[in-house]
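In the text below, chain A, chain B and the rest are named by the order of the sequence lines, each starting its count at 1.
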Amino acid sequence: MEKIYYTPTHEYLRVVENDEAYVGITDYAQHALGNVVYVDMPEVGDEFSEGDDFGAIESVKAASDLIIPASGEVIEVNEALTDNPRLINENAMEAWIIKIKLTDPAELDSLMDLDAYNQYVESEQ
Amino acid sequence: MKTTCLHDLHKELGAQMSPFGGFDMPIQYEGIVEEHNAVREACGVFDVSHMGEVLVTGPRATEFVNYIFTNDVTAAAPGQCLYGMMLNEQGGVVDDLLVYVLENANYLLVINASNIDKDVNWILHHAKDFDCTVTNQSDDYGELAIQGPEAEKVITNVLGLEIDDLKFYTFKIIDFGQHRIIVSRTGYTGEDGFEIYADRELTRMFWSRLIASGQAKPCGLGCRDTLRFEVALPLYGDELADDITPLEAGLGIFVKLDKPDFIGRDAIAKQKAEGPARKIVGLEILDRAIARHGTEVLDPDGNVIGTVTTGYRGISVDKSLAMALIDARFAALGTKLQVKVRRKIFPAEVVSKKFYKKSYKK
């Protein structure tokens, strides 16, 4: 069954099957950024540890680092974002940025679920 | 942190606020793109009350202003605005400013918010040798910039001010009830537009009327920066600094070397004769990547030859663009260069920094 986890830096990680997961930014994050004009993505095969920045997302105003929610190897990048980064504004949960193979699924326990994330967002405002 | 006289009204409009030049300023309301396009296509209003105003009066005010300012105030009649810079002895820019030439050889200097303290100290220090009086009036004035092709119509209809006779870079003083205001045909967007200096109370009334009319979109400093960038207007702190000269910034026409002596003159004359070693150029990044302020610019062999001063994905021009201060040997149009954005290197090409055509009404 799919399960979605969230980070304090507003990324989500959607686990699908075989320890594979999609990583993107939340709707709250895309709204705060405004028009996304560029996504700096890693390459397939790149490996990251939990908390590493794996790229950056740029709005008109500024660049923000993308932080990986859990350790893993990049197995796919969302090429559609190269020519159309605004897909993230249109539907952030669908417009994932990278797909990773988790190397330590136990790390997921320290991430937030939707209820905890919603409370976190409210407390931030 | 300082606030302008419109601070509470920005919050009411739901503005995203952020520090700029020591003030808590609105960066955007609806969004940078929407606000940018409103100014290019119709009319937007900006709170620019953070700008500083310094009045210079007295018997030797003309000589003094001409001594600290690169443009020539003796060549201007009352009612004219002059753009120029104050330089240090090395020819670096202390600040860029507008000088309003008032009647009776009085001058109003409009300076950048981030430099108010530095500038006032600089001006007072040099004024000691001249018989003139310097008054920092920055806290007395509010300032609105109403910009865009419909600005003239909106100001006429909504504020009832007669301004259609103002030519580009001129101003007039209008008595509005008990208030005295200055209106100039100036701006920082590349579009036709006006700037209105009034006391804090009247500034609030003008702002409220403009917003209520629905004819002027509230615009934040976010789009002020994208608008000025697309038409290559410099921002102090990016394209201008204490260690960047007007010649390096491509602003030599605002430095009048043939007028009597002024601070920085010798340094600029020398640099002009030798040719500046660095220049601000336009860059097109041949990718979607955006080279922001501070990004390294490389030659084809990978050697660092300069840094980006401002960079955006253009809004009126759909390209990744930058202004950069680079080694002058690489400044020719068409030169192939590279930029290093985070871990990656992208190709770039030197292009005219006038990315978008200004449409001033002269």
Would you say NZ of Lys2(B) has more than 12 non-hydrogen atoms from neighbouring residues, nucleotides or ligands within 6.0 angstrom? yes

Heavy-atom contacts under 4.5 Å, residues 50-68 of chain A to chain B: Asp53(A), Phe54(A), Gly55(A), Ala56(A), Glu58(A), Ser59(A), Val60(A), Lys61(A), Ala62(A), Ala63(A)

As an exercise, state the distance from CD1 of Ile345(B) to CD of Gln338(B), rounded to the nearest 0.5 Å. 5.5 Å

Quick one: sort the Phe23(B) and His50(B) rings into parallel, tilted or perpendicular, breaks at 30° and 60°. perpendicular

Which residues in residues 295-319 of chain B have any heavy atom closer than 4.5 Å to a heavy atom of chain A? Tyr312(B), Arg313(B), Ile315(B)

Could you tell me whether Arg40(B) and Glu191(B) make a salt bridge, using a distance below 4.0 angstrom between a side-chain N and a carboxylate O? yes

In terms of side-chain geometry, is the basic nitrogen of Glu239(B) or Arg228(B) positioned less than 4.0 Å from the acidic oxygen of its partner? yes

Go through the atoms of Ile32(B) and report whether side chain, backbone, both or neither lie under 4.5 Å from a heavy atom of chain A. side chain

So how far is it from Asn115(B) CG to Asn112(B) CG, rounded to the nearest 0.5 Å? 5.5 Å

Least distance between heavy atoms, Ser49(A) atom then Ser71(A) atom: CA-OG, 3.5 Å

Minimal heavy-atom distance between Thr4(B) and Met25(B), with the atoms involved, is CG2-SD, 3.6 Å

If every non-hydrogen atom of Gly190(B) is compared with every non-hydrogen atom of Leu233(B), which pair is closest and at what distance? N-CD1, 4.3 Å

Around atom NZ of Lys354(B), are there more than 12 heavy atoms from other residues, nucleotides or ligands closer than 6.0 Å? no

Sort Asp287(B) into side chain, backbone, both or neither according to what part of it lies under 4.5 angstrom from a heavy atom of chain A. side chain

Just so I understand: if I count every heavy-atom pair under 4.5 Å between each of Gly31(B), Ala289(B), Gly222(B) and chain A, which residue has the most? Ala289(B)

Does Glu35(B) reach the main-chain N or O of Gly44(B) with its side chain, forming a donor-acceptor pair under 3.5 Å? no

For Ser49(B) and Cys5(B), the nearest pair of non-hydrogen atoms, with its separation, is OG-SG, 4.1 Å

Identify whether the distance between the nearest side-chain nitrogen and carboxylate oxygen of Arg343(B) and Asp46(A) falls below 4.0 Å. no

Using heavy atoms and a sub-4.5 Å threshold, report which of residues 17-45 of chain A line up against chain B, by residue number. Ala32(A), Asn35(A), Val37(A), Tyr38(A), Asp40(A), Met41(A)

So which heavy atom on Tyr117(A) is nearest to which on Thr7(A), and how close? CE1-O, 3.7 Å

Could you label the plane-to-plane angle of the Trp207(B) and Tyr29(B) rings as parallel, tilted or perpendicular, counting under 30° as parallel and over 60° as perpendicular? tilted

Heavy-atom nearest pair, Asp47(B) first then Leu144(B), reads CA-CD2, 4.3 Å

In residues 83-104 of chain A, which residues are in contact with chain B at a heavy-atom separation under 4.5 Å? Asp83(A), Pro85(A)

dist Lys11(B):NZ -> Asp24(B):CG (nearest 0.5 Å) comes out at 6.0 Å

Please indicate whether Lys279(B) has more than 12 foreign heavy atoms, meaning atoms of other residues, nucleotides or ligands, lying under 6.0 Å from its NZ. no

With a 4.5 angstrom heavy-atom cut-off, is it the side chain or the backbone of Arg288(B) that approaches chain A, or both, or neither? both

